[in-house]
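Single-structure report; data block below.
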Amino acid sequence: MNIVVVGAQWGDEGKGRVIDLLAKKMDAVVRYQGGSNAGHTVIVDGEKFVFHLIPSGILHPGKVAIIANGVVLEPAELLKEMEELRTRGVAVDNLFVSANAHVVMPYHKDLEKEEENIRGRGKIGTTGRGIGPAYADKIARRGIRVGDLLEKETLKEKVEINLKLYKRLLGYTYSQEKLLQELLEYGRKLEKYITDSSALIHNLIEEGKDILFEGAQGTLLDIDHGTYPYVTSSNSAAGGVCSGAGVGPRAISRVIGVVKAYTTRVGEGPFPTELEGEVGNLLRKQGSEFGATTGRPRRCGWFDGVILRYAVRINGLDELILTKLDVLDRLEKVKICIAYKFKGELIQSFPNRFSLWKECEPVYEEMDGWKQDTSKATSYKYLPLPAQNYIKRIEEIGQVPIHLFSVGPQREEMLSTRELD
Ligand code: IMP
């Protein structure tokens, strides 16, 4: 069984802990897009692990962890993350990195900073990790790939071309020799982990192994299907698995969407159900809604059913996992957005034009809150009735079953809704 886990909102849905849970039963975990813009948090026995590049499934001993071709990575970041895991007693021997993954270079970060400055108030609000320019170079066919770090002549040629180009773009250059030596050193340190990841994944599939494809960011941040241009630069929706890991669509058995019990977004861009007052602050505080990568406060809002239906369609979701239900515990009333109003007209599905998103007003359905601590609940049946109704309503709106939900960050706080079936 090969499973894809994707974020069904704007990222930060709690995929890290979901992947950690599912990885237990799998043989391999694969990251297929994004880079160190992602921040997956997992808490094990009260100990917090934040992953940016390495699949969080690595916390389970013996699992194969693969960073596939669709990822862009900064070698220094990767080596740092590997070292941190080692010092905390987590083995990284089973980690593999695709030779075709692209390298984020120092000039990518500099260019991104320049571009954000030029955009000014219209900035994207990126994580500043150089992700966009790294993917732009990949598409423009001048990107440096991880495999190039092992081939001095090829690397030299590519670095030279890029430095000439970036000198024109940035008005300054980097020491070519220093950069080359640094990259070759990274290559030496990473050599034993570098591989043909598509072939490795293919062999695992042939052997009947179970693979988990770990999505980063979320559907609404997808470069094609998200709220462009306020998106990340990769295909974060489920379709990204095929190109990002080199597997055919038929290899995927199941697509799971992770969705938070409310909505958050970091960075700029449209967010119809955003709450700026007291409730927004409460969600931020109760949910510790601060970016795992940048520490920025996340924008918070009510659950958006229009977005959920969109995520179900774009990803072909088979099921949902609902996270952070407990964050709503203190609220008297909870609201779910079921449609948007645009110029007096009701819109049921997510509009695909930027100008429309800005003008869409959410139409809410109000439900009773539960005003009870759910974090101690040990099963669905012990949840207060309004909380059960909330889960059921989300299922109805998305026309997709919720099999698991969480009421706290610990591994054991992920509960099943089996009684719903
Ligand atoms: P970039 O991926 O750094 O280029 O940022 C583009 C947009 O995606 C910005 O709004 C970021 O805040 C957002 N973004 C990137 N990675 C994540 C993530 O892991 N979680 C949530 N938002 C993200």
Side-chain angles (χ1 to χ4, degrees), residues 6-14 218-222 225-227 237 257-265 269-280 282-283 287 298-325 327-371 374 383-403 405 417 420:
V6 289
Q9 294 156 321
W10 276 286
D12 307 318
E13 297 90 351
T219 307
L220 275 297
L221 288 174
D222 184 283
H225 304 290
T227 44
V258 183
V259 75
K260 201 147 42 180
Y262 49 99
T263 313
T264 63
R265 166 161 214 177
F271 181 175
T273 63
E274 182 167 14
L275 293 165
E276 275 166 0
E278 201 188 322
V279 181
L282 181 112
L283 294 175
R298 294 178 184 143
R299 300 156 65 192
C300 298
W302 294 120
F303 188 89
D304 190 333
V306 180
I307 278 176
L308 173 63
R309 285 194 290 264
Y310 183 68
V312 171
R313 165 157 72 83
I314 295 293
N315 298 295
L317 297 182
D318 293 299
E319 67 177 274
L320 282 182
I321 295 181
L322 183 77
T323 59
K324 291 188 148 182
L325 184 69
V327 172
L328 305 180
D329 282 355
R330 294 184 178 194
L331 295 168
E332 201 82 49
K333 295 278 176 194
V334 285
K335 289 185 186 180
I336 296 181
C337 167
I338 47 162
Y340 297 152
K341 202 181 227 174
F342 176 73
K343 294 195 173 45
E345 202 186 309
L346 272 191
I347 301 181
Q348 302 288 343
S349 59
F350 197 65
N352 80 343
R353 277 205 350 260
F354 184 73
S355 57
L356 302 189
W357 297 323
K358 283 195 298 188
E359 289 176 53
C360 279
E361 269 177 50
V363 178
Y364 290 115
E365 195 173 278
E366 193 172 76
M367 299 175 75
D368 285 336
W370 39 97
K371 299 277 288 166
T374 57
L383 279 184
L385 203 60
Q388 293 187 9
N389 290 340
Y390 189 72
I391 295 178
K392 282 186 195 151
R393 188 67 187 119
I394 291 175
E395 284 190 313
E396 269 167 23
I397 289 168
Q399 289 289 292
V400 64
I402 296 174
H403 285 161
F405 66 97
T417 55
L420 285 180

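Computed from a predicted structure; not experimentally measured.
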[X] [atom1] to [Y] [atom2] distance, which is reported to the nearest 0.5 Å:
X: Tyr310; Y: Asn352; atom1: OH; atom2: CG; answer: 7.0 Å
X: Trp370; Y: Asp368; atom1: CH2; atom2: CG; answer: 10.5 Å
X: Leu220; Y: Asp304; atom1: CG; atom2: CG; answer: 8.0 Å
X: Phe405; Y: Gln388; atom1: CZ; atom2: CD; answer: 8.0 Å
X: Leu331; Y: Tyr390; atom1: CG; atom2: OH; answer: 9.0 Å
X: Thr227; Y: Arg265; atom1: OG1; atom2: CZ; answer: 3.5 Å

Side chain [X], main chain [Y], donor-acceptor under 3.5 Å:
X: Arg299; Y: Glu274; result: no
X: Trp357; Y: Pro351; result: yes
X: Thr273; Y: Gly301; result: no
X: Gln9; Y: Tyr262; result: yes

Closest heavy-atom contact between [X] and [Y]?
X: Thr374; Y: Pro384; answer: CG2-CD, 3.9 Å
X: Arg298; Y: Asp12; answer: NE-OD2, 3.2 Å
X: Tyr340; Y: Pro272; answer: OH-CG, 3.5 Å
X: Leu282; Y: Arg330; answer: CD1-CD, 4.5 Å
X: Leu317; Y: Ala8; answer: CD1-CB, 4.4 Å
X: Leu325; Y: Ala387; answer: CD2-CB, 4.4 Å

Is there side-chain contact between Ile394 and Ile402, with at least one heavy-atom pair below 4.5 Å?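 Side-chain contact under 4.5 Å: yes.
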Restricting to side chain to side chain contact (heavy atoms under 4.5 Å, CB included), what partner residues turn up for Leu275, sequence neighbours left out?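 So Leu275 forms a side chain to side chain contact (heavy atoms under 4.5 Å, CB included) with Val279, Leu283, Trp302.
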Side chain to side chain contact (heavy atoms under 4.5 Å, CB included), that's the test. Do Val363 and Val306 meet it? Break it down for me. CA-CA 10 Å; Val363 178; Val306 180; over 6 Å; no
Determine, stepwise, if the pair Glu396 / Arg393 fulfils salt bridge (Lys or Arg N to Asp or Glu O under 4.0 Å). CA-CA 5 Å; Glu396 269 167 23; Arg393 188 67 187 119; 2.7 Å; yes
